[in-house]
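For reference, the structure discussed in these notes is given below.
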Amino acid sequence: MKSMKQKELLSLREKIAVDYQPIKVAELSMRFLLQYSAEIPYCMQSDLHSLIAMDIGAEFVLSQETCLKIIDDLLAQLVSYNIE
């Protein structure tokens with residue numbers, strides 16, 4: 001059974017894959033970080049900061065492929081750290 005964190009990250013991944021909007025990805029990443037920051041390790045928070053920074057300016061916007069890789073890495077970390 002998938003945890004709420006996994007479901008939310010999978011939902012974010014789907015949004016990136018189907019309709020990539022960097023500002024929306026940044027907003028959803030910030031929402032996820034605010035909701036779960038006390039429950040996830042710093043390395044995951046750091047990856048989320050990369051996505052959140054995309055709303056600062058064009059020089060911080062990541063490609064769709066990079067965003068998908070970050071989300072995939074975050075999902076893998078949830079499993080490896082056994083985070084529910």
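- Under a 3.5 Å cut-off, the side chain of Q45 and the backbone N or O of I40 do form a donor-acceptor pair.
- Here the CD1 atom belonging to I16 is positioned 13.0 Å from the NZ atom belonging to K69, to the nearest 0.5 angstrom.
- E27 places none of its side-chain heavy atoms less than 4.5 Å from the side chain of I52.
- Here the CD-CG distance, from E39 to L78, works out to 10.5 Å after rounding to the nearest 0.5 Å.
- Using a 4.0 Å cut-off between charged nitrogen and carboxylate oxygen, K15 and D19 do not count as a salt-bridge pair.
- In plain terms, the two heavy atoms of H49 and L33 that are nearest each other are NE2-CD2, 3.5 Å.
- In plain terms, the two heavy atoms of L51 and I71 that are nearest each other are CD1-CD1, 3.8 Å.
- Note that CG of L12 and CG of L68 are 9.0 Å apart. Values are rounded to the nearest 0.5 Å.
- Separation of atoms CZ (F32) and OG (S37) is listed at 10.0 Å; rounding is to 0.5 Å.
- Between the side chain of S46 and the backbone N or O of C43, no donor-acceptor pair lies under 3.5 Å.
- Both M4 and L34 are part of a single hydrophobic cluster, where members link through side-chain heavy atoms under 4.5 Å apart.
- The side-chain heavy atoms of Q35 and K5, taken from C-beta on, include no pair separated by under 4.5 Å.
- Put simply, L62 and F60 are part of two different groups of oily side chains (I, L, V, M, F, W, Y) that touch within less than 4.5 Å, one to the next.
- Taking each heavy atom of I23 and M54 in turn, the nearest pair found is CD1-O, 3.9 Å.
- Proximity of M44 to Y36: side-chain heavy atoms (C-beta onward) are nowhere separated by under 4.5 Å.
- Proximity of a side-chain donor or acceptor of Q6 to a complementary backbone N or O of S3 within less than 3.5 Å is detected.
- Enclosure of atom CD in E14 is not indicated, since only 12 or fewer non-hydrogen atoms of other residues, nucleotides or ligands lie within 6.0 angstrom.
- Of all non-hydrogen atoms in S50 and I70, the two that sit nearest each other are CB-CD1, 4.3 Å.
- Considering every non-hydrogen atom in both Q64 and A17, the closest pair reads NE2-O, 3.2 Å.
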